Amino acid sequence: MSRSSLFQMATIRLAIAIAALAFTASALAQTTTWQIDPAHSSAQFSVKHLGVSTVRGAFTKVSGTAKHDPTDPSKGSLDATIDATSVDTRVDMRDKDLRSPNFLDVEKYPTITFHSKHVQSAGVGKLRITGDLTIKGTTKEVVLDVDGPTAPIKDPWGNQRVGASATTKISRSDFGVSADAGMIGDDLTITIDAELIQPHAK
């Protein structure tokens with residue numbers, strides 16, 4: 001075989017290898033769907049009491065899905081549901097009041113939801129997610145400032161996992177949660193700490 005033929009064959013093989021690598025990179029960069037792992041996720045909130053102290057609590061049941069494309073964040077999305085009945089401030093009497101019609105009215109409105117409308121990069125390892133937050137039947141547009149998602153890791157069972165933390169600040173009176181305005185501040189900070197999972201294909 002001539003030197004020219006050998007060169008042509010090597011060139012063809014190199015082109016095939018480059019094409020295969022490009023296809024693999026493209027496949028890895030595709031938008032992927034993740035499930036929020038309720039066992040390792042929660043939503044915390046904080047609010048001022050009498051203007052002198054900060055009361056913190058959590059919703060311990062969070063579920064939902066997220067989509068993420070590391071090469072194009074605008075293709076991402078987030079749908080999250082918080083079980084309003086799971087509110088926990090470590091004070092039973094206060095928790096019962098928060099579940100009552102005075103505040104969240106959980107019998108009538110058992111969930112708090114967020115549905116994204118737009119996702120954009122906010123720097124390395126950060127996102128800004130704009131979407132609709134619904135509390136007590138009232139929907140308002142809010143912006144989540146997100147740290148993450150982290151790089152995926154594989155757990156001992158072969159599932160892929162990532163983590164992210166999203167924060168926003170709202171006016172509770174905007175959502176009809178305005179009881180005890182003289183005692184409890186109107187500004188409410190909400191943080192969702194989520195671990196997301198892609199189950200191992202069996």
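Keep in mind the model is a prediction, meaning the values are calculated, not measured. Below, each value reflects all heavy atoms present in this structure, side chains not excepted, and no hydrogens, waters or symmetry copies.
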Evaluate the side-chain proximity of [Y] to [X]: yes if any heavy-atom separation is below 4.5 Å, no if none is.
{"X": "His68", "Y": "Leu196", "result": "no"}
{"X": "Phe59", "Y": "Leu104", "result": "yes"}
{"X": "Ile129", "Y": "Phe114", "result": "yes"}
{"X": "Leu144", "Y": "Leu78", "result": "yes"}
{"X": "Thr32", "Y": "Gln160", "result": "no"}
{"X": "Pro149", "Y": "Leu127", "result": "yes"}
{"X": "Lys67", "Y": "Thr33", "result": "yes"}

Criterion side-chain hydrogen bond (donor to acceptor under 3.5 Å, both in side chains) on Asp79 and Thr65, from CA distance to verdict | CA-CA 5 Å; Asp79 285 283; Thr65 60; 4.6 Å; no
Are [Y] and [X] connected into the same hydrophobic cluster when the rule is that any two of I, L, V, M, F, W, Y join if their side-chain heavy atoms are below 4.5 Å apart?
{"X": "Ile36", "Y": "Trp34", "answer": "yes"}
{"X": "Val62", "Y": "Leu133", "answer": "yes"}
{"X": "Met183", "Y": "Val47", "answer": "yes"}
{"X": "Val52", "Y": "Ile184", "answer": "yes"}
{"X": "Leu50", "Y": "Phe45", "answer": "yes"}

Closest approach of [X] to [Y] (non-hydrogen atoms, all atoms of both residues):
{"X": "Gly57", "Y": "Thr89", "answer": "CA-CG2, 4.0 Å"}
{"X": "Ala164", "Y": "Val146", "answer": "CB-CG1, 4.3 Å"}
{"X": "His40", "Y": "Asp37", "answer": "ND1-OD2, 2.7 Å"}
{"X": "Thr138", "Y": "Phe175", "answer": "O-CD2, 3.4 Å"}

For the side chain of [X] and the backbone of [Y], is there at least one donor-acceptor N/O pair under 3.5 Å apart?
{"X": "Arg161", "Y": "Glu195", "value": "no"}
{"X": "Ser100", "Y": "Asn102", "value": "yes"}
{"X": "Asp105", "Y": "Tyr109", "value": "no"}
{"X": "Gln120", "Y": "Pro73", "value": "no"}
{"X": "Asp193", "Y": "Ser165", "value": "no"}
{"X": "Thr150", "Y": "Gly163", "value": "yes"}
{"X": "Arg172", "Y": "Val177", "value": "yes"}

Mind running side-chain hydrogen bond (donor to acceptor under 3.5 Å, both in side chains) on Thr167 and Thr191 for me, showing each step along the way?
-> CA-CA 4 Å; Thr167 301; Thr191 300; 3.2 Å; yes
For the pair Ser173 and Ser171, evaluate side-chain hydrogen bond (donor to acceptor under 3.5 Å, both in side chains) and give the outcome as yes or no after the intermediate values.
-> CA-CA 5 Å; Ser173 60; Ser171 169; 3.1 Å; yes
Test log, rule side-chain contact (heavy atoms from CB on, under 4.5 Å), inputs Asp147 and Lys126 | CA-CA 5 Å; Asp147 285 325; Lys126 296 180 180 297; 2.4 Å; yes
Distance, nearest 0.5 Å, that separates [atom1] of [X] from [atom2] of [Y]:
{"X": "Ile112", "Y": "Lys136", "atom1": "CD1", "atom2": "NZ", "answer": "11.0 Å"}
{"X": "Ser77", "Y": "Asp69", "atom1": "OG", "atom2": "CG", "answer": "11.5 Å"}
{"X": "Asp174", "Y": "Asp186", "atom1": "CG", "atom2": "CG", "answer": "7.0 Å"}
{"X": "Thr134", "Y": "His115", "atom1": "OG1", "atom2": "NE2", "answer": "10.0 Å"}
{"X": "Lys117", "Y": "Glu141", "atom1": "NZ", "atom2": "CD", "answer": "3.5 Å"}
{"X": "Ile135", "Y": "Ile82", "atom1": "CD1", "atom2": "CD1", "answer": "7.5 Å"}

With sequence neighbours left out, write down each residue that passes salt bridge (charged side-chain N to carboxylate O under 4.0 Å, His left out) with Arg128, or none if nothing qualifies.
-> Asp145
For Lys169, look at atom NZ and say whether over 12 heavy atoms of other residues, nucleotides or ligands are found less than 6.0 Å away.
-> no
Taking atom CD of Glu107 as the centre, report whether more than 12 heavy atoms of other residues, nucleotides or ligands fall under 6.0 Å from it.
-> no
Partner residues of Ser42 under the side chain to side chain contact (heavy atoms under 4.5 Å, CB included) criterion, sequence neighbours left out | Gln44
Identify whether the distance between the nearest side-chain nitrogen and carboxylate oxygen of Lys48 and Asp187 falls below 4.0 Å.
-> no
